[in-house]
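Just so we're clear, the structure is a prediction, and the values are computed from it rather than from any experiment. All residue numbers refer to positions in the sequence shown, counting from 1.
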Amino acid sequence: MKSMSNVDIYTVSNELNNLLSGARVDKSFQPTKDIVVMRFHVPGTGRIDLVMQCGSRIHTSQYPLENPTTPPTFPMLLRKRIKGAHVESIKQHNFDRVVEIRVKKDKYYTIIVELFDKGNIILLDDENNIILPLKRKQWSTRDISSKKEYLFPEERGINPLTVNEEEFKKLFDDEESDAVRTLAKNGLGSLYAEEIIKRANENIEVDKNTPNSEITDKQITGIFHAFKELFESLTQESIKPQIVKKDNKEDVVALDLKKYDDFEKTYYETFNEACDEFYSKKVNTDIKNIKESAWNKKVNKFEKRLHLQEETLDNFYKTIEESQHKGEVIYSNYPTIENIINVVNQARSNDYSFKEIGKTLKKAKKDGMPEAQIYEGIDPMGVLTLNIDDTTLIIDPKLTIAENAENYYEKGKKAKRKTKGALIAIENTKKQLEDIKAKKDIAMENIAVPKKRVKKNLKWYEKLRWFLSSDNVLVIGGRDANSNESIVKKYLEPNDIYLHADIHGASSTAIKLNGAKLNDTLLKESGEFAASFSSAWSLGFSTQDVYWVHPDQVSKTPESGEFLAKGSFVIRGHRNYIRGARVKLAIGIVDYEGKRIMAGPIEAVEAHCENYVVLKPGFTKKEAIAKKIIGKINEDDLLTLDDIIRVLPSGKCDIDEEYHQRKKYERN
């Protein structure tokens with residue numbers, strides 16, 4: 001994969017600084033060993049994901065990568081140290097392939113993103129000491145380990161935004177180099193080195209391979225003017241982000257380059273967007289190959305097992321056939337075998353050892369004695385090996401002919417009995433193999449077609465907690481302190497009803513009556529909604545008391561000498577209680593001003609859609625439960641995991657399987 005150039009990094013970091021300054025740091029993830037994703041919340045914009053890949057790239061992305069179920073150490077540390085911090089600045093270090101992301105929480109932290117060689121991502125404290133690197137590395141001049149002072153890599157090359165003509169000309173003092181290599185090795189790379197020479201040739205003839213010892217001052221001046229012309233676009237911020245294509249060649253650049261004049265060009269609004277389109281699909285291809293290799297190992301495991309089982313079954317069939325045949329050979333050659341057994345037994349009675357008997361039989365066979373021609377050998381225990389009509393027989397002289405034959409018949413019977421188990425095992429393995437192949441196909445299809453996260457235009461109530469009651473009354477609730485404040489100050493009208501769970505840490509809830517009459521069903525459903533979107537859920541309660549009052553009883557004015565935190569209110573007068581409101585929710589897609597996901601009381605969701613999932617407080621993380629839900633209710637591919645996670649209550653959940661089983665039984 002193409003690594004970002006110094007020019008790319010300058011452009012990206014400028015855009016990131018403008019976009020993310022003041023943004024709040026959210027969670028961090030590590031989808032692969034060298035990719036870290038930091039999530040930010042930008043006021044007025046919402047979620048922004050920043051992808052950082054060691055040694056390759058840094059840009060915002062709308063292509064979510066699949067994250068491991070258990071986060072690795074590095075993103076967990078980022079969550080612990082800088083979640084909730086605000087971005088102070090994002091900048092490129094000395095026009096090098098290093099980006100500094102400076103954030104402030106309880107103190108200043110810096111995330112260093114190294115994009116040279118194999119790269120690294122490093123968290124620093126406010127004294128520039130390393131808290132933790134993604135990769136521990138050590139050189140003679142740099143030690144990237146915890147508790148060590150972070151040292152930037154040695155400066156290489158020039159800064160095209162600040163270099164003057166005199167400094168530029170000194171680059172060509174290296175007589176062992178040539179024009180294009182001099183530019184390339186001084187931080188511009190081969191692409192921009194050749195672009196500068198190409199532009200210079202519009203005014204003065206310069207062969208890119210001209211040795212520095214032969215290049216004239218006039219030519220160097222021409223190269224410098226072309227160099228300054230090219231990079232003026234960066235200082236004037238008149239970039240033209242684009243992906244260029246021609247045959248099998250594809251590139252992403254921030255400037256119009258003459259080198260790519262005859263290429264097909266697709267322009268983008270920002271360079272971050274262009275990089276996202278260019279890199280993300282390639283990364284998904286890489287991830288697909290990794291995942292496919294992992295799936296192939298699973299498939300191969302079952303294929304090998306099936307091969308061994310089929311081989312074993314074939315051996316059973318061979319054993320059955322051979323044993324039957326050998327038993328028949330023994331009976332059809334009864335006299336011949338009996339003679340040689342008698343010879344052995346007679347010799348033993350005369351105190352001959354088995355070794356001596358073997359020598360005698362071997363000599364007799366060699367001398368042409370007919371009775372000895374079937375003899376092959378005898379072991380120390382006296383067991384004979386005979387060969388009759390190209391059939392090898394193992395005969396024990398201590399047993400009768402019938403008993404020797406029965407040994408073979410019994411061996412065949414055992415093999416026949418084992419074939420039944422082998423056939424069952426083969427069928428089970430075939431089924432498992434089909435299942436794992438089907439799972440592989442589904443998994444590969446999902447990886448092969450990365451879905452771009454498109455920001456949806458949410459209705460005003462979707463930015464809050466909300467549900468539509470079974471008799472079509474809208475009920476809304478706050479998501480946090482800010483939205484709790486908005487519920488009362490902006491949305492609560494004189495004829496509405498205000499509810500709040502009787503527990504610290506709960507959503508301010510408003511029933512938007514709009515002329516409808518308050519009734520017991522509406523109060524019950526609204527009470528369950530208020531109870532479920534409170535700390536009662538994360539505490540694992542099954543019920544919770546909720547009170548309701550009229551809007552004129554809700555005040556932001558505290559008692560004398562008291563203070564009210566943001567999102568908190570004073571309730572004056574009589575409170576009406578809904579005792580033991582159920583802490584349980586259902587999630588489904590409802591048709592309310594268009595199809596959209598809704599989380600609310602079971603009866604309300606049930607009234608508006610047939611396909612829904614009932615949740616209760618539990619032990620499963622949001623991401624995992626969201627994957628289960630999306631597989632059950634995602635009609636017409638309408639939802640993403642983010643849509644589901646957004647409507648889930650705070651805390652872990654489980655699907656209420658008992659409820660669904662009972663409903664299934666009632667329907668049947």
Practice prompt. Decide yes or no on salt bridge (Lys or Arg N to Asp or Glu O under 4.0 Å) for Lys616 and Asp654, but give the supporting numbers first.
Written response: CA-CA 6 Å; Lys616 61 182 180 180; Asp654 282 330; over 6 Å; no

Output all residues satisfying ring pair (Phe, Tyr, Trp, His ring centres under 6.0 Å) with [X], sequence neighbours left out; order by chain, then residue number.
| X | result |
| --- | --- |
| His550 | Trp548 |
| Phe302 | none |
| Phe74 | none |

Just checking, is any N or O donor in the side chain of [X] or [Y] under 3.5 Å from an acceptor N or O on the other one?
| X | Y | value |
| --- | --- | --- |
| Thr429 | Gln309 | yes |
| Ser469 | Asp471 | yes |
| Ser486 | Asn484 | no |
| Lys566 | Asn482 | yes |
| Tyr279 | Gln53 | no |
| Ser470 | Glu525 | yes |
| Tyr498 | Thr509 | no |
| Asn296 | Ser293 | no |
| Asn17 | Ser89 | no |
| Tyr109 | Glu88 | no |

Answer yes or no: does atom [atom1] of [X] have more than 12 heavy-atom neighbours from other residues, nucleotides or ligands under 6.0 Å?
| X | atom1 | answer |
| --- | --- | --- |
| His660 | NE2 | yes |
| Glu610 | CD | no |
| Lys107 | NZ | yes |
| Asp106 | CG | yes |
| Lys512 | NZ | yes |
| Tyr577 | OH | yes |
| Glu657 | CD | yes |
| Lys104 | NZ | no |

Fill in: Check: Glu493 main-chain N/O paired with Asp496 side-chain donor or acceptor under 3.5 Å
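It does hold such a pair.
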
Worksheet item: Does the Ser532 side chain pair with the main chain of Lys584, one donor and one acceptor, at a distance under 3.5 Å?
Response: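 A pair under 3.5 Å: yes.
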
Contact check, side chains of [X] and [Y], non-hydrogen atoms, under 4.5 Å:
| X | Y | value |
| --- | --- | --- |
| Thr521 | Leu523 | no |
| Val473 | Ile511 | yes |
| Lys297 | Asn300 | no |
| Leu19 | Thr60 | yes |
| Trp295 | Glu292 | no |
| Leu615 | Leu648 | yes |

Discussion item. Run the salt bridge (Lys or Arg N to Asp or Glu O under 4.0 Å) test on Arg47 and Asp642 for me, step by step, so that the C-alpha distance in whole Å, both residues' side-chain angles and the decisive distance to 0.1 Å come before the verdict.
Written reply: CA-CA 11 Å; Arg47 164 183 162 180; Asp642 285 341; 2.3 Å; yes

Worksheet item: With Lys298, which residues qualify under salt bridge (Lys or Arg N to Asp or Glu O under 4.0 Å), at least two apart?
Response: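 Lys298 satisfies salt bridge (Lys or Arg N to Asp or Glu O under 4.0 Å) with no residue once adjacent residues are dropped.
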
Worksheet item: With sequence neighbours left out, what residues match Asp276 under salt bridge (Lys or Arg N to Asp or Glu O under 4.0 Å)?
Response: none

Distance, nearest 0.5 Å, that separates [atom1] of [X] from [atom2] of [Y]:
| X | Y | atom1 | atom2 | answer |
| --- | --- | --- | --- | --- |
| Leu20 | Ile101 | CG | CD1 | 8.0 Å |
| Asn634 | Ile644 | CG | CD1 | 6.5 Å |
| Leu641 | Lys622 | CG | NZ | 13.0 Å |

Worksheet item: Hey, does the Lys NZ or Arg CZ of Arg79 hover above the aromatic six-ring of Phe29, less than 6.0 Å from the centre and inside 45° of the axis?
Response: yes

Discussion item. For Arg24, give me all partners under side chain to side chain donor-acceptor pair (under 3.5 Å), at least two apart in sequence or on another chain.
Written reply: none

Discussion item. Using salt bridge (Lys or Arg N to Asp or Glu O under 4.0 Å), reason through Lys490 and Glu485 one step at a time and then give a plain yes or no.
Written reply: CA-CA 8 Å; Lys490 185 176 180 180; Glu485 196 94 5; over 6 Å; no

Worksheet item: Would you call Glu528 and Lys524 a salt bridge, using N to O less than 4.0 angstrom?
Response: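 Yes.
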
